Structures are given as C-alpha cells and as structure tokens.
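Before any comments, here is the structure.
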Number of protein chains: 2
Amino acid sequence: MTQEAVEQGPQGSVSDADRVASRLRQAIVAGDFAPRQRLVETDLIEMFDASRGAVRAALATLTVEGLVEKIRNRGARVRAVDLDEALEIVEVRAALESMCAARAAERIDDDGMARLRSLGEVMREAVDTGDGEAYSQANRDLHQAVLDISGAKVAPDVVQRLRAQNVRYRIRLAMQPHRPATSLPEHLEIVEAVCAKDPERAANAMRAHLESVFEATREYFTERK
Amino acid sequence: MTQEAVEQGPQGSVSDADRVASRLRQAIVAGDFAPRQRLVETDLIEMFDASRGAVRAALATLTVEGLVEKIRNRGARVRAVDLDEALEIVEVRAALESMCAARAAERIDDDGMARLRSLGEVMREAVDTGDGEAYSQANRDLHQAVLDISGAKVAPDVVQRLRAQNVRYRIRLAMQPHRPATSLPEHLEIVEAVCAKDPERAANAMRAHLESVFEATREYFTERK
DNA sequence: GTGTGCATTATTGTAAACAATGTTGTTCAC
DNA sequence: GTGAACAACATTGTTTACAATAATGCACAC
C-alpha cells in the first residue's frame with residue numbers, strides 16, 4: 001500500500017480537469033473575467049496549458065456551480081447574476097449562516113474564540129487605517145471561520161457556492177468607503193455572540209448583518225443599474 | 001433569425017451529455033442504482049447508447065451535484081450520504097423551505113390555492129385508502145408547489161438538489177406504514193397557512209413539519225444502522 | 001502453506017481528428 | 001443603396017485511438 005503516502009498536493013494526483021476548474025473558478029471569482037465574457041475553449045487551452053477535454057470538463061463543472069453558462073453550439077461565458085438573484089442569494093445566506101452561527105456558538109472552543117477575536121481585531125484596525133482590502137479579506141475570513149466552527153458540512157458548502165456567484169456585488173459594495181464603518185459593529189457583535197456561546201444571539205447577529213448587506217446591496221444597485 | 005422557431009423539445013436541441021445526465025440522475029433518484037454501486041463508463045455507454053464523452057460529461061455533472069463521487073483512475077460510483085449528512089440536509093431544507101413558505105403565503109393567488117388544496121385532498125384520500133405511493137407523490141408535489149409559488153429561484157434550486165441527494169432516506173422513511181398518518185396534519189397545516197396568506201404561520205408550519213421529518217429520520221435510522 | 005513480486009487485465013485519463021453548427025462577410029439582384 | 005442568398009470562417013460537439021493507472025491473478029521463492 002503505497003497510495004496513502006502519495007503526495008496529495010495541488011497537482012500531485014489531481015486531474016487536469018480539476019486543476020483547470022480550480023484556476024478558472026479562482027480567476028472568475030477574483031474578477032479576472034468580466035461577466036458575460038466569452039470563454040473560448042481555444043483561449044483557455046492556451047491560458048492554462050491543458051487539453052481540450054480538460055477545459056471542457058472544467059467548463060461543465062463551473063456551469064453546474066453556476067459560475068458559467070453554456071449555450072449549445074455557441075460556447076460558454078461567465079454568467080452574469082442580476083440584482084434580483086444577488087438579493088436572493090443574500091437571503092439564502094442569511095437563513096443558512098445564521099443557522100451555522102448558532103451551531104458555532106454551541107460548539108466553539110478556545111481556539112475558535114481566539115480565531116474570531118483575532119479577526120475582529122484585524123477588522124477594527126483595518127477601519128482605523130482605512131485599509132479596505134484588509135477589511136474585505138477579514139470579512140471573508142470571519143464568515144468562513146463561523147462556517148468552519150459550526151462543524152457542519154452541507155450548509156457551508158451551499159453558502160460557499162453562492163458566495164462565489166455574487167462576488168461581483170460583494171466587491172463593488174465593499175468599495176463604498178463608508179461601508180466598513182457601518183458593518184464593523186455588526187461583525188463584532190457576531191464575534192461576541194458566538195464567543196459568548198449564545199446560539200440565539202449569534203443567529204440574530206448574523207441575520208441582522210446579512211439583512212444589512214441585503215439593504216445596502218439593494219439601495220446601492222437599484223440606483224445605478 | 002430562425003433559431004427561435006427551433007423545437008426546444010426533450011431531444012431536439014439538447015446535447016447527448018445533458019440527456020445522459022438527466023436519465024442517469026433520474027435513475028439514481030428513482031433508486032435504480034444502489035448507493036456505492038460502481039458506474040463503469042462502458043456500461044453506461046451501452047445502457048444509454050451514448051458516446052463516452054457524453055457519459056463522462058454526465059458523470060462530471062452529477063459529481064458536482066453531489067449524486068456521484070469519482071476517485072481518480074478508479075472511476076465513479078453512486079455517492080452514499082451517511083445519516084449525519086442526511087440530517088444536515090433536512091436542517092438546511094427546514095431553513096430554506098420555511099423561508100419559501102413565507103414568501104409563498106405573501107404571493108399566492110387563486111390558482112395556487114386551488115393547487116395546494118387539491119394536493120391536500122389527494123393526501124387525505126391516500127391516507128384513507130392506505131395508498132403509500134400516492135401519498136409519497138403528493139408529498140413531493142406539495143413541497144414543490146410551495147417552492148414554485150414562492151416565486152424564488154435560488155432557494156428552490158438548492159432545495160431540489162439537496163432533496164435528490166438524500167432520496168434514499170426519504171423513500172425508506174416513507175415506507176413506514178404509520179408515517180403518512182403522522183405527517184398528514186403537518187402537511188394540511190402548511191396548506192392552510194399558505195392559503196391564509198399568513199407568512200409567519202406558513203414558515204412555522206413548514207419548519208415544524210421538517211423538524212418532524214428530522215426526528216423521524218434520526219430515530220428510524222439510528223436504531224438500525 | 002504463505003507471502004512477495006510480476007504480468008495481465010480492466011478501467012479511466014488524455015489527446016487528436018472529424019463532423020456539425022453558428023457567425024460573419026461578401027456578392028448579386030432589385 | 002438595401003436586402004437576401006451564399007460562401008468562408010470560427011467554434012463547439014462527437015467520435016476514435018492511445019496512454020496511464022490501479023486492480024487482479026498467478027507463479028515462484030522461502
């Protein structure tokens with residue numbers, strides 16, 4: 001039995017298709033591809049140095065994940081989620097992440113509390129120094145930490161997939177200069193509630209935060225487009 | 001512009017891969033394939049009379065959907081969800097479907113009310129006559145109807161995917177002879193609450209029902225295995 | 001008799017060629 | 001000049017063949 005000693009690293013035993021899917025997913029979520037941008041197979045082959053089969057498999061994967069849409073005989077493009085769908089996503093996140101926050105409050109240990117409080121500190125500092133990028137990163141980390149600490153599997157998976165889908169709205173919303181200042185206390189309340197091991201308070205804090213995100217998204221984007 | 005007149009029928013413009021994926025999904029959900037059963041590409045080619053590329057694409061799709069799991073160089077098999085995951089799925093469904101029930105109560109029109117009440121009648125009769133299959137079908141239809149009436153898109157999609165994953169538990173639970181009798185009043189309360197256009201009551205009814213499903217699943221399956 | 005190593009087989013992963021489809025640009029009739 | 005038919009091109013869908021990998025069975029040494 002040698003297979004359990006095999007390197008399970010990023011490219012050790014991962015198929016080309018999975019590798020391409022990961023990199024393409026990351027590129028889309030990072031905003032390297034604009035919504036509705038065409039994804040021509042030939043270009044992706046060159047870009048990722050992979051075979052056509054791998055590229056096609058990757059596109060199929062991301063299509064099911066909702067990041068890409070395909071039209072028969074016309075190819076694939078980055079899916080553009082409209083405002084209504086983005087708002088629905090935030091609503092679903094509210095329902096699921098508040099559930100996970102409650103579970104996290106029940107299960108949290110000292111390590112988890114240290115992790116959450118540390119992220120709270122980072123956020124505070126980021127607001128002080130006006131470092132939007134750092135705040136945004138800590139924001140992602142905090143939500144992820146709560147999901148991790150919940151110990152659940154299904155709900156976090158769903159949330160992660162949905163978060164990837166409306167990344168564009170999150171990014172553009174986070175660019176508003178005063179947004180961190182308003183969401184900071186909501187995030188800190190989440191940290192405190194979970195660390196206080198109060199499930200109901202944690203769920204309420206998470207729900208309140210995401211309702212705030214919902215409103216901010218709606219107001220900000222209904223004006224523009 | 002002729003393409004908008006093109007037949008969009010089941011096999012008119014649907015790729016082989018999609019066709020295989022649909023049929024395979026249906027077969028798994030219907031229980032034609034046992035959990036952990038291997039899905040050898042050659043067999044599927046013969047079974048669905050499709051090319052290997054189509055079969056591989058279909059397997060990739062179902063893998064992302066969580067119905068199939070693939071191990072590199074060892075092929076695909078029907079994914080077996082364990083009890084813990086099945087319970088998590090019911091919890092997520094409770095969070096999402098209660099949300100949709102509330103929304104359905106806000107939006108329901110006369111057609112929707114007729115549809116729900118008709119399904120309630122079917123369920124009542126099925127319990128009277130002891131027709132478990134009819135009850136099971138109406139059960140699925142009722143949950144689907146509430147999702148439809150909610151007018152939402154994201155949450156129903158997630159719910160449908162999750163429902164497909166733990167179909168095995170639902171089927172085996174539904175086989176319990178007294179189960180329909182206990183869940184009938186819960187279902188009828190959902191119908192009444194939504195038709196009464198009372199969002200909070202509808203959400204509570206749906207949540208109560210799925211918590212009942214949660215408990216029944218836990219008790220029934222922790223005993224056995 | 002048991003266990004290890006090797007050869008065989010079954011199965012999937014990858015690549016390349018071919019066919020079908022949609023798109024675009026051009027020409028010709030009016 | 002405008003519109004329609006047509007031809008050339010670009011792109012995806014499909015099939016085929018080939019390579020790589022893991023599972024299986026057998027022989028041989030001890």
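Just so you know, these numbers come straight off a predicted model, no measurement behind them. Lettering follows sequence order; numbering is per chain, from 1.
A donor and an acceptor atom never sit less than 3.5 Å apart when one is taken from the side chain of A:Arg74 and the other from the base of D:dG13.
Taking atom CZ of B:Arg72 as the reference point, atom P of C:dA10 lies 22 Å away to the nearest angstrom. Distance CD (B:Glu69) to P (C:dT12): 14 Å, rounded to an integer number of Å. What separates CZ of A:Arg56 from C1' of C:dA16 is a distance of 14 Å, to the nearest Å. Look at CD1 on B:Ile45: it is 11 Å from C1' on D:dT15, rounded to the nearest Å.
The pair A:Arg79-A:Glu85 meets the salt-bridge criterion, since a charged nitrogen lies less than 4.0 angstrom from a carboxylate oxygen. A salt bridge does not link A:Arg72 with B:Asp18: every distance from a Lys NZ or Arg NE/NH1/NH2 to an Asp or Glu carboxylate oxygen is 4.0 Å or more. Under the 4.0 Å criterion applied to side-chain N and carboxylate O atoms, B:Glu88 and A:Lys153 are not assigned as salt-bridge partners.
The one candidate from A:His143, A:Gln144, A:Gln137 that meets the side chain to side chain donor-acceptor pair (under 3.5 Å) condition with A:Arg140 is A:Gln137.
Side-chain proximity of B:Lys70 to C:dG13, D:dA23, D:dT14: nearest is C:dG13. Comparing D:dT21, D:dT14, D:dT15 against the side chain of B:Asn73 picks out D:dT21 as the nearest. Side-chain proximity of A:Asp16 to the nucleotides D:dT14, C:dT14, C:dT12 is greatest for C:dT14. Taking only side-chain atoms of B:Glu41, from C-beta outward, the nucleotide of C:dG13, C:dA15, D:dT14 with the closest atom is C:dG13. Among the nucleotides D:dT14, D:dT11, C:dG13, the one closest to the side chain of A:Val40 is D:dT11. Checking C:dT11, C:dT14, D:dT12 against every side-chain atom of A:Arg52, the shortest atom distance belongs to D:dT12.
Within the nucleic acid shown, A:Gly53 has no heavy atom closer than 4.0 Å to any nucleic acid atom. Using a 4.0 Å heavy-atom criterion, one finds that B:Leu39 contacts the sugar-phosphate atoms exclusively.
For the 3.5 Å distance criterion, the side chains of A:Arg103 and A:Ser150 fail to qualify, holding no donor opposite an acceptor.
Of the two residues near DNA chain C, B:Arg38 and A:Ala54, the one whose nearest nucleotide lies more 5' is B:Arg38.
A sub-4.0 Å separation between OP1 or OP2 of D:dT15 and a side-chain N or O of B:Ser51 is present.
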